[in-house]
Protein chains: 2
Amino acid sequence: MANIHDIAKASGYSVSTVSRVINHRKYVTDQVRQRVEQVMRDLDYVPNAVARDLSTGKTHNIGVVLPHSQHPYFTQITNGVMEAAFAAGYRVVLLPSKYDERVERHYLEQLRQRAFDAVIFTSRGVPLSELARDDAHKKMGRIVCCENPGDLPLSAAFTERNSTYETAFEWIKKRGYKRIGMLLSREYALSATSQAMIEAYKDVFHELPRPELVRTSVVNNQDGYDSAQYYIDNDLQPDFIFGNGDDIVANARQCYLDHGLVVPGLMGQEHQLSSTLLHIPTIDHHFNEVGRRAFELAVSDHVAQRPVASTFIDVDE
Amino acid sequence: MANIHDIAKASGYSVSTVSRVINHRKYVTDQVRQRVEQVMRDLDYVPNAVARDLSTGKTHNIGVVLPHSQHPYFTQITNGVMEAAFAAGYRVVLLPSKYDERVERHYLEQLRQRAFDAVIFTSRGVPLSELARDDAHKKMGRIVCCENPGDLPLSAAFTERNSTYETAFEWIKKRGYKRIGMLLSREYALSATSQAMIEAYKDVFHELPRPELVRTSVVNNQDGYDSAQYYIDNDLQPDFIFGNGDDIVANARQCYLDHGLVVPGLMGQEHQLSSTLLHIPTIDHHFNEVGRRAFELAVSDHVAQRPVASTFIDVDE
DNA sequence: TTGTAAGCGTTATCAG
DNA sequence: CTGATAACGCTTACAA
């Protein structure tokens with residue numbers, strides 16, 4: 001494979017001139033440019049991307065850490081990042097983590113090695129303080145997380161859920177529901193989302209949700225079905241189910257239908273197709289937008305926070 | 001940021017020795033290794049990944065070209081590639097294309113520039129012959145496609161659908177269905193999948209499918225619902241619907257239910273949760289496995305084909 | 001076991 | 001407008 005020196009030699013010009021031609025710089029006569037381009041074509045030359053990256057100190061790669069790849073939360077954020085990255089001439093590198101902290105630290109290490117210009121944590125196992133600390137050192141590229149980092153000096157793009165959750169619970173309360181089943185992804189202690197949901201519940205109902213009606217580790221559609229099965233088997237009879245995804249709620253509903261039971265009131269999240277089809281209210285967290293914002297922060301020089309307001313979507317009466 | 005020379009200087013050893021320590025090579029005294037590692041820690045040194053890539057001529061990056069990111073076909077293949085890549089110490093770079101041939105060629109160009117070690121086309125707009133030609137040149141990394149390339153010298157991992165489709169249509173025929181609605185992603189001319197479905201239909205029924213019952217451009221759940229709506233609005237009354245995805249078929253079913261009409265026989269694809277819940281037969285194309293195989297080919301020196309048998313999944317009677 | 005020096009292929013600085 | 005030459009940071013023959 002020909003390199004820039006071969007082109008210089010064959011064209012009779014210097015490597016600097018060839019480099020200028022490659023990068024469409026000014027200060028090259030049209031004559032010279034034509035000639036050099038001709039030689040590049042003749043020798044079937046293409047510049048080496050890695051050498052450029054080394055020389056410029058940029059890779060144009062953005063790593064996206066993904067605990068898993070099924071939940072719409074992750075796919076939507078990833079899509080948002082990808083769209084913004086594509087538009088800006090950057091690439092997205094997938095970094096599966098399964099919440100394994102050693103793997104996450106491995107990616108931080110790769111960031112320090114300049115394998116990427118930045119890393120976006122869609123979620124994480126390592127403490128936020130650790131991410132903030134490493135970023136502060138500035139020996140590595142930028143780190144962006146997708147949750148509210150509070151006072152930590154850490155870039156973040158995330159949905160502002162609290163007020164929307166309150167709106168949602170007001171909606172539920174107004175309609176007289178009392179026994180609210182809640183389907184959560186992760187435990188209260190581990191998840192900012194779960195915390196936000198439960199805090200909003202407390203603010204609206206002035207009490208804690210009934211522990212027996214709160215299901216955690218509800219991640220996929222089957223879990224949604226199983227949650228309903230659990231309510232039925234244990235005769236818990238929630239009169240309303242607020243789930244962490246439209247499809248999950250839809251599958252819970254299916255369970256009631258399969259048993260010939262009356263379906264409780266329902267509310268989903270994510271604004272998937274099923275909420276529209278079933279005419280149930282939902283919450284759109286605009287994760288796509290979160291992804292776009294996360295990318296902007298990833299390529300920005302400043303540490304900043306970008307909250308994205310989520311939207312409560314009522315049913316058409 | 002310290003580099004390998006700084007470490008050499010500070011430790012009193014040469015860069016080659018430092019390099020040996022970094023790469024855990026033999027032929028370094030434990031004493032020396034200890035000392036060098038101490039200095040690396042002291043100076044907070046990490047080797048530069050890009051410099052290594054340039055020196056070794058490998059990036060450990062595998063590009064995956066994705067026309068779009070919603071359909072389970074693409075997400076499953078991508079997941080398969082990602083799992084295999086992770087296990088082998090490679091990274092997956094997302095390359096969105098929207099079937100735009102200029103964008104696809106841009107990625108081929110980046111491959112030639114050695115931005116990736118290989119590129120996997122989950123689907124493509126450019127002719128296969130073009131991919132085969134470029135790969136043959138060997139001036140670039142490997143190219144892998146995810147469909148049967150026939151006689152072309154091109155690496156490929158793909159599902160062997162034909163015999164499974166025949167099994168599926170035999171199943172349908174045996175149960176006496178006559179008016180078969182088919183939901184396809186892309187037109188016959190453009191899609192190997194659509195062709196395989198229709199060929200299998202011909203082989204089993206000894207006639208072409210009724211054109212008015214064949215719907216194309218059915219990609220998402222809403223399209224599934226709309227297809228049923230189309231059948232209803234035009235009074236076409238298929239007695240069976242064979243769709244290109246379980247969820248899509250489930251949404252078609254929902255349309256019939258919403259209209260209070262009797263639901264035709266149903267068969268899905270992809271083996272998603274909905275087929276299990278609705279007790280309808282489906283086909284598992286094992287796209288995850290296709291992704292894994294595609295990765296293996298991407299890092300292999302040889303051009304090879306890896307067909308993956310798809311599976312017809314009957315309902316539990 | 002350790003060191004020297006030549007790559008790897010660009011970009012960037014500074015003269016001319 | 002063009003050209004030397006020094007980075008960029010590491011790997012790897014080849015010597016010693």
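Proteins get letters first, then strands, A, B, ... in listed order; numbering begins at 1 in each. Note that the structure is a prediction, hence the values are computed from the model and not measured.
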**OP:** Starting from the C-alpha separation in whole Å, work towards a yes-or-no answer on salt bridge (Lys or Arg N to Asp or Glu O under 4.0 Å) for B:Arg105 and B:Glu109.
**Re:** CA-CA 6 Å; B:Arg105 292 206 174 85; B:Glu109 194 59 23; over 6 Å; no
**OP:** Given side chain to side chain donor-acceptor pair (under 3.5 Å), test B:Gln38 with B:Arg41 step by step and report yes or no.
**Re:** CA-CA 5 Å; B:Gln38 185 56 52; B:Arg41 270 191 299 275; 3.2 Å; yes
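In this structure, A:Thr159 contributes its side chain and A:Arg161 its backbone to no donor-acceptor pair below 3.5 Å. The backbone N or O of B:Pro96 lies less than 3.5 Å from a partner atom in the side chain of B:Tyr107, making a donor-acceptor pair.
For A:His5 and C:dC8, the NE2 to C1' distance is 11 Å, given to the nearest whole Å. Atom-to-atom, CG of A:Leu54 to P of C:dT11 comes out at 11 Å; the value is rounded to the nearest Å. Atom CD1 of A:Ile4 is separated from atom P of D:dA6 by 17 Å (rounded to the nearest Å). For B:His60 and D:dT11, the NE2 to C1' distance is 13 Å, given to the nearest whole Å. In this entry the distance linking CZ of A:Arg114 with P of D:dC10 reads 12 Å, nearest Å. One interatomic measurement links the two molecules: CG of A:Leu43 to P of C:dG9, which rounds to 14 Å at whole-angstrom precision. Look at OH on B:Tyr13: it is 17 Å from C1' on C:dT4, rounded to the nearest Å. Note: CZ (A:Arg52) to P (D:dG9) measures 19 Å, nearest angstrom.
The nearest heavy atom of DNA chain D to A:Thr29 and to B:Tyr45 marks one nucleotide each, and the one closer to the 5' end goes with A:Thr29.
Residue A:Ser14 places no side-chain N or O under 4.0 Å from the OP1 or OP2 atom of D:dA4. Contact check, A:Thr17 against D:dG3: a side-chain N or O comes under 4.0 Å of OP1 or OP2. OP1 or OP2 of C:dT11 sits under 4.0 Å from a side-chain N or O of A:Asn23. Remark: A:Asn3 is in phosphate contact with C:dG9, judged by side-chain N or O atoms under 4.0 Å from OP1 or OP2. Side-chain N/O atoms of B:Ser55 include none lying less than 4.0 angstrom from OP1 or OP2 on D:dC10. The side chain of B:Tyr27 places no N or O atom within less than 4.0 Å of a non-bridging phosphate oxygen (OP1 or OP2) of C:dG3. Contact check, A:Arg25 against C:dA12: a side-chain N or O comes under 4.0 Å of OP1 or OP2. Using a 4.0 Å cut-off, no side-chain N or O of A:Thr56 falls inside it from OP1 or OP2 of C:dT10.
Contact annotation: side chain of A:Ser16 to base of D:dA4, donor-acceptor pair present below 3.5 Å.
Cation-pi geometry between B:Arg186 and B:Tyr99 is satisfied (NZ or CZ under 6.0 Å from the ring centre, within 45° of the ring normal).
Nucleic acid contact class of B:Val28 (heavy atoms, under 4.0 Å, all strands): sugar-phosphate only. At a threshold of 4.0 angstrom between heavy atoms, the contacts of A:Val18 with the nucleic acid are absent. Using a 4.0 Å heavy-atom distance criterion, B:Val15 is classed as a base contact.
Atom CG of A:Asn79 and atom CZ of A:Phe74 lie 14.0 Å apart (nearest 0.5 Å).
Relative to the side chain of A:Ala51, the nucleotides C:dT10, D:dG3, D:dA13 differ in distance, and C:dT10 lies closest.
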